[in-house]
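Since the structure comes first, as C-alpha cells, the remarks are kept for the end.
The figures that follow rest on heavy atoms only: side chains count, while hydrogens, waters and symmetry mates do not. Just so we're on the same page: letters track the sequence lines, and every chain starts at 1.
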Protein chains: 2
Amino acid sequence: MFSKATEYALRATIYIAQKSSITHKLSLAEIAAAIDSPPSFTAKILQLLTKDNCVINSVRGPNGGFYITEKSKLLPLKNILEAVNENDLFDKCILGLKKCSETKPCPLHFQYKPIKQELIHLFQTNTIQEISEKADNEYLFINNSI
Amino acid sequence: MFSKATEYALRATIYIAQKSSITHKLSLAEIAAAIDSPPSFTAKILQLLTKDNCVINSVRGPNGGFYITEKSKLLPLKNILEAVNENDLFDKCILGLKKCSETKPCPLHFQYKPIKQELIHLFQTNTIQEISEKADNEYLFINNSI
DNA sequence: ATAATTAAAGGTAATTTTGTCCTTAATTAT
DNA sequence: ATAATTAAGGACAAAATTACCTTTAATTAT
C-alpha cells in the first residue's frame with residue numbers, strides 16, 4: 001500500500017506525538033529503535049517532515065532532537081503523506097491509466113471510487129493527536145514488539 | 001497502490017478478455033501496444049498469468065498468442081493478483097507492522113479494516129468477464145489513448 | 001522436411017527505492 | 001572559548017523493481 005518511506009514517516013510521527021514535548025525531545029536513535037526502522041534512512045524522512053510542511057520540529061545539539069507542537073498534533077495524517085510526497089497516491093487510477101477520469105473512466109473506476117474516498121476521508125479527518133492517543137492504550141505499537 | 005507489474009497484469013488480462021478467443025489469439029506485441037506497457041516486461045507478466053494459476057492460456061508458433069477461455073473469464077480479479085504474487089497486499093498492516101492483528105492492532109487498524117474489506121470484496125466478487133465487458137462500452141480503455 | 005512465427009526462458013541493464021556513511025552546522029554544557 | 005552532542009546535508013551503496021535482449025522451444029504453414 002505505502003512505500004517504506006511513508007510507513008516510517010507515519011510510524012515516526014505517531015511515536016513522536018506520543019512521547020515528545022518541547023521540553024522532551026527525542027533523538028533519531030530512539031525514534032528509529034522504537035519504530036523499527038533503519039536510522040540513517042529514517043533521518044532522511046524526518047528531514048522531510050521538518051521541512052516546509054513542518055509536521056514536526058527539530059533542534060540540534062545536546063538535548064536536541066525531534067518533537068511536535070500541540071498545534072501540529074491537530075494536523076490530519078494527510079499532512080504526513082504530503083511531507084513525503086505520497087499524497088497523490090489516492091488520486092491515481094487503480095489500473096495506472098493516466099487518462100482515467102469521471103467522463104472516461106477505467107473499467108474499475110466506479111467500483112474503486114468509494115473506496116478511494118474512504119481512504120482520503122481516513123487521512124483527512126484523523127489528526128495526528130487522535131491516532132497517537134490510540135497508540136497509548138491497548139493498541140499495538142512501537143517498542144512493543146513490532 | 002499496485003506495482004507496475006500488477007497494473008500490467010490487470011490491464012493485459014482485461015484486454016485479452018475483451019478481444020481474444022480460442023480462435024483469435026493475441027500476440028504479445030498487440031497486447032503491449034494496446035495496454036501501453038513495455039513488451040519484454042509484459043512478456044514476463046503474461047508468463048506468470050499462464051503458469052499454474054492459469055488465468056490465461058498461450059500457444060506458440062504462427063497464429064499463436066494469448067487467449068482466455070470462457071471458464072477463466074468467470075474467475076475473480078483476485079486470481080490475477082495471485083498470479084503476480086500481490087495477493088497478500090490486502091492482508092498487510094497499513095503501517096507495515098508485522099504483528100498488527102485484531103488483538104494487538106496498530107493505531108489505524110480498526111479504521112482501515114472496513115476499507116481493506118471493501119478492497120478484498122471488490123477483487124473477490126468481480127469477475128474478469130464482468131470487468132472486461134465494461135471496457136467495451138463507454139468506459140475508457142486501452143487503445144483509446146491511455 | 002523446412003522455414004517462418006510466436007511464446008518461453010534466461011541473462012543483463014537501467015531505474016527507483018531503500019539504506020549507509022561521512023562531513024558540516026547548530027546548539028548546549030562546561 | 002572549548003568540547004561534546006545532535007540533526008542537516010551530501011555522496012555513495014545495496015537491493016528491488018522495471019525494462020531489455022538474445023537464444024531456445026514449440027507450433028504452424030508451406
Side-chain angles (χ1 to χ4, degrees), chain A residues 1-13 16 20 22-33 35-68 81 83-86 88-89 92 96, chain B residues 1-13 15-16 20 22-33 35-68 81 83-86 88-89 96:
Chain A
M1 176 100 219
F2 290 129
S3 65
K4 286 287 173 198
T6 299
E7 285 178 7
Y8 298 155
L10 289 165
R11 275 147 59 178
T13 304
I16 292 166
S20 82
I22 180 85
T23 56
H24 181 65
K25 305 184 188 71
L26 309 178
S27 71
L28 169 65
E30 175 183 348
I31 296 164
I35 69 169
D36 191 35
S37 65
S40 302
F41 189 45
T42 305
K44 302 295 185 191
I45 294 156
L46 293 178
Q47 276 181 45
L48 291 174
L49 289 164
T50 56
K51 278 265 164 61
D52 27 87
N53 212 287
C54 212
V55 175
I56 61 174
N57 295 94
S58 68
V59 301
R60 304 193 221 191
N63 298 313
F66 299 89
Y67 67 99
I68 186 168
L81 303 186
V84 294
N85 307 308
E86 198 149 359
D88 57 343
L89 177 72
K92 288 187 185 155
Chain B
M1 175 101 219
F2 290 130
S3 66
K4 287 288 174 197
T6 299
E7 286 179 5
Y8 298 154
L10 288 165
R11 275 148 59 179
T13 304
Y15 181 72
I16 292 166
S20 82
I22 180 86
T23 56
H24 181 66
K25 306 182 188 72
L26 309 179
S27 71
L28 168 65
E30 175 183 347
I31 296 164
I35 70 169
D36 189 36
S37 67
S40 302
F41 189 44
T42 305
K44 299 294 185 192
I45 293 156
L46 293 179
Q47 277 180 45
L48 292 173
L49 289 163
T50 56
K51 279 264 164 62
D52 26 271
N53 212 287
C54 212
V55 174
I56 61 174
N57 296 94
S58 68
V59 301
R60 305 193 221 191
N63 297 314
F66 298 90
Y67 67 100
I68 186 167
L81 303 187
V84 295
N85 306 309
E86 199 150 358
D88 57 342
L89 177 72

Can you tell which of [options] lies closest to the side chain of [X]?
{"X": "Lys51(B)", "options": "dA9(C), dC20(D), dT20(C)", "result": "dA9(C)"}
{"X": "Arg60(A)", "options": "dT24(D), dT24(C), dT18(C)", "result": "dT24(C)"}
{"X": "Phe41(A)", "options": "dC21(C), dG19(C), dC20(D)", "result": "dG19(C)"}
{"X": "Pro62(B)", "options": "dT27(D), dA29(C), dA7(D)", "result": "dT27(D)"}
{"X": "Phe66(B)", "options": "dA7(C), dT18(D), dA7(D)", "result": "dA7(C)"}
{"X": "Ala5(B)", "options": "dT6(D), dT18(C), dT18(D)", "result": "dT18(D)"}
{"X": "Lys44(B)", "options": "dG11(C), dA7(C), dT27(C)", "result": "dG11(C)"}
{"X": "Pro39(A)", "options": "dA19(D), dT20(C), dT28(C)", "result": "dT20(C)"}

Residue whose nearest DNA chain C nucleotide is more 5′ - Phe2(A) or Val59(A): Phe2(A)

Separation of [N] [atom2] from [X] [atom1] (nearest whole Å):
{"X": "Leu49(B)", "N": "dA8(C)", "atom1": "CG", "atom2": "P", "answer": "10 Å"}
{"X": "Ile45(A)", "N": "dT17(C)", "atom1": "CD1", "atom2": "P", "answer": "13 Å"}
{"X": "Leu48(B)", "N": "dT17(D)", "atom1": "CG", "atom2": "P", "answer": "13 Å"}
{"X": "Tyr67(A)", "N": "dT6(D)", "atom1": "OH", "atom2": "P", "answer": "16 Å"}
{"X": "Leu46(B)", "N": "dA19(D)", "atom1": "CG", "atom2": "P", "answer": "14 Å"}
{"X": "Leu28(A)", "N": "dT5(D)", "atom1": "CG", "atom2": "P", "answer": "16 Å"}
{"X": "Glu86(B)", "N": "dA16(D)", "atom1": "CD", "atom2": "P", "answer": "16 Å"}
{"X": "Glu7(A)", "N": "dT17(C)", "atom1": "CD", "atom2": "P", "answer": "14 Å"}

Once rounded to the nearest 0.5 Å, what's the spacing between atom [atom1] of [X] and atom [atom2] of [Y]?
{"X": "Asn85(A)", "Y": "Ser3(A)", "atom1": "CG", "atom2": "OG", "value": "10.0 Å"}
{"X": "Lys25(A)", "Y": "Thr23(A)", "atom1": "NZ", "atom2": "OG1", "value": "7.5 Å"}
{"X": "Asn57(A)", "Y": "Ile68(A)", "atom1": "CG", "atom2": "CD1", "value": "8.0 Å"}
{"X": "Phe41(B)", "Y": "Leu46(B)", "atom1": "CZ", "atom2": "CG", "value": "11.0 Å"}

Quick one: is [N] close enough that its OP1 or OP2 comes under 4.0 Å of any side-chain N or O from [X]?
{"X": "Tyr8(A)", "N": "dG19(C)", "value": "yes"}
{"X": "Gln47(B)", "N": "dA7(C)", "value": "no"}
{"X": "Ser58(A)", "N": "dA8(D)", "value": "yes"}
{"X": "Ser40(B)", "N": "dT18(D)", "value": "no"}
{"X": "Asn63(A)", "N": "dA29(C)", "value": "yes"}

Across the strands shown, which category fits [X] at heavy-atom distances under 4.0 angstrom: base, sugar-phosphate, nothing?
{"X": "Ser3(B)", "value": "sugar-phosphate"}
{"X": "Lys25(B)", "value": "nothing"}
{"X": "Ile56(B)", "value": "nothing"}

Taking every non-hydrogen atom, the tightest pair across Ala9(B) and Val84(B): CB-CG1, 3.6 Å

Ser37(A)-Thr42(A) side chain donor-acceptor pair, cut-off 3.5 Å: yes

Counterpart base for dA29(D), defined by Watson-Crick or G-U wobble contacts under 3.5 Å: dT2(C)

